[in-house]
Amino acid sequence: MPPTNTAQPLNITVAPEVHDLVPGFVPLVVEARGLTNGPSDERSSALLDDAVRRLTARLAGRAPHEDPHLAAWRDAYSAFGAKPSRTRNSAEALARRALADGGLPRINLLVDLYNAVSVAHLVPVGGEDTDHILGGMRLVRAGGDERFETAAGGEPVVEHPEPGEVVWQDDTGVTCRRWNWRQGVRTRLTEDSVNAVFLLERLAPMPLDELHTAAGELAEGLRLLSPAAEVTVREAD
């Protein structure tokens, strides 16, 4: 069985070398317990459709990477050696997909909700199943030998990050590569997930007030989808 966390808040930290690399990085944590997830439905689809409308109005004809916040994320990716036009941060990748003919995917209630918040606010948002996290979560610069469990062609694959790459990890291995580029399969949210942590990641020049607004929108959405859930918003340690 996967490790199960106690009721204590998940310890989430950012290593000093990450702050040194990109000053002005601020993550907000939305942690929820007792969630009820399930397949995408008309509620989550409506959230995604509304997010696309808000994105379109915000960009006013510009490409997503021309938004100042997403431009800052491109600079952050370049700072640790990634090619931002090839490995886009999660918010830019979602925004591009939202504006494409196929639109945003429908995955499940929780993922649809945090994707909608990400697109509407142009902020990277990730969600992890805390019942599959061992120990706390740490944002660090990788040594290069850490394990990252993913899939290729429908088969499980273990990759390793590049030395110096910014990654989220727990005591088992990497949970998300290249800061917020690709999530691993081990901790992703499924229809069976009941306990989760969501990370909203801000760089200057995004106003801190907007980051808190986005986190509040996510928290309210969780309470609407799961009225019995316990939801808290806090800063990382």
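- Judged by distance alone, with hydrogens and angles left aside, the side-chain atoms of Glu165 form a donor-acceptor pair with the main-chain N or O of Arg178 at under 3.5 Å.
- Using a cut-off of 4.0 Å between Lys/Arg side-chain N and Asp/Glu carboxylate O, Asp49 and Arg106 are scored as salt-bridged.
- With rounding to the nearest 0.5 angstrom, the CD atom of Glu210 is 11.0 Å from the CG atom of Leu200.
- Judged as a ring pair (Phe, Tyr, Trp, His ring centres under 6.0 Å), the pairs with a partner in residues 167-223 (not counting sequence neighbours) are, in order, Phe25-Trp179, Trp73-Trp179, Tyr114-Phe198.
- Both Leu218 and Leu189 are part of a single hydrophobic cluster, where members link through side-chain heavy atoms under 4.5 Å apart.
- To the nearest 0.5 angstrom, Leu55 atom CG is 12.0 Å from Leu48 atom CG.
- Partners of Asn180 according to the side chain to side chain donor-acceptor pair (under 3.5 Å) rule, which considers only residues two or more places apart in sequence or in another chain, are Tyr77, Glu201.
- Taking hydrophobic clusters as Ile, Leu, Val, Met, Phe, Trp and Tyr residues chained together by side-chain heavy-atom distances below 4.5 Å, Met206 does not share a cluster with Leu21.
- Looking only at side-chain heavy atoms (C-beta outward), Glu191 and Val111 stay at 4.5 Å or farther from each other.
- For Arg234, the side chain to side chain donor-acceptor pair (under 3.5 Å) partners two or more places apart in sequence, or in a different chain, are Glu31.
- If you take OG1 on Thr175 and CD on Glu149, they are separated by 11.0 Å, rounding to the nearest 0.5 Å.
- Checked by atom type and distance alone, the side chain of Asp170 pairs as donor or acceptor with a backbone atom of Leu134 at under 3.5 Å.
- Annotation for Glu17: atom CD counts as buried by contact number, over 12 foreign heavy atoms lying within 6.0 Å.
- Between Leu35 and Ala196, the shortest heavy-atom distance links the atoms CD1-CB, 3.8 Å.
- Side-chain N or O atoms of Glu92 include none that pairs as donor or acceptor with a backbone N or O of Ser85 at under 3.5 Å.
- The distance from the CD1 atom of Ile12 to the CZ atom of Arg138 is 11.5 Å, given to the nearest 0.5 Å.
- Within the 4.5 Å cutoff, the side chain of Val52 has heavy atoms near those of the Thr56 side chain.
- In this structure, the side chain of Thr187 does not engage the main chain of His132 through any donor-acceptor pair within 3.5 Å.
- In this model, a donor atom of one side chain and an acceptor atom of the other lie less than 3.5 Å apart for Glu217 and His121.
- For the residue pair Leu70 and Pro64, the shortest heavy atom distance occurs at CD1-O, 3.3 Å.
- The cluster map of Ile, Leu, Val, Met, Phe, Trp and Tyr, joined by side-chain heavy atoms under 4.5 Å apart, puts Leu199 and Val233 in different clusters.
- Cluster annotation: Ile133 and Val14 are assigned to the same hydrophobic cluster (Ile/Leu/Val/Met/Phe/Trp/Tyr, side-chain heavy-atom contacts under 4.5 Å, transitive).
- Side-chain contact between Thr36 and Leu109: absent, with no pair of heavy atoms (C-beta onward) separated by less than 4.5 Å.
- Follow the hydrophobic side-chain contacts under 4.5 Å out from Leu110 and you reach Val30 in the same cluster.
- Using a distance-only test at 3.5 Å, with no hydrogens or angles considered, a donor-acceptor pair links the side chain of Arg202 to the main chain of Gly24.
- Nearest heavy atoms, Ser193 versus Asn37: O-CB, 3.7 Å.
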side-chain contact (heavy atoms from CB on, under 4.5 Å) for Asp112 and Leu47? Distances and angles first, verdict last.
CA-CA 8 Å; Asp112 291 353; Leu47 290 172; over 6 Å; no
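- For the pair Ala215 and Leu28, the tightest heavy-atom approach, listed with the atom from each and the gap, is CB-CD1, 3.8 Å.
- Using a 4.5 Å cut-off between side-chain heavy atoms of Ile, Leu, Val, Met, Phe, Trp and Tyr, Val167 falls into a hydrophobic cluster with Val140, Phe148, Val174.
- Through direct or relayed side-chain contacts under 4.5 Å between Ile, Leu, Val, Met, Phe, Trp and Tyr, Val158 connects to no other residue.
- With sequence neighbours excluded, the residues forming a side chain to side chain donor-acceptor pair (under 3.5 Å) with Arg43 are Asp41, listed by chain and number.
- Using modelled atom types, no side-chain atom of His65 and backbone atom of Ala71 make a donor-acceptor pair closer than 3.5 Å.
- Within a 6.0 Å radius of CZ in Arg58, more than 12 heavy atoms belonging to other residues, nucleotides or ligands are found.
- From Leu203, atom CG reaches atom NE2 of His69 across 4.5 Å, with rounding to the nearest 0.5 Å.
- Asn195 approaches Gly34 most closely through the heavy-atom pair OD1-N, 3.2 Å.
- The pair Arg141-Asp20 fails the salt-bridge criterion, with no side-chain N (NZ, NE, NH1 or NH2) lying under 4.0 Å from an Asp/Glu carboxylate O.
- No side-chain heavy atom of Arg186 sits less than 4.5 Å from a side-chain heavy atom of Arg147.
- What you find for Ile107 and Ser40 is that their closest heavy atoms are N-OG, 3.1 Å.
- Note on Arg62 versus Glu66: no salt bridge recorded, every NZ/NE/NH1/NH2 to OD/OE distance being 4.0 Å or above.
- Distance check, rounded to the nearest 0.5 Å: CD of Glu235 to CG of Asp237 gives 10.0 Å.
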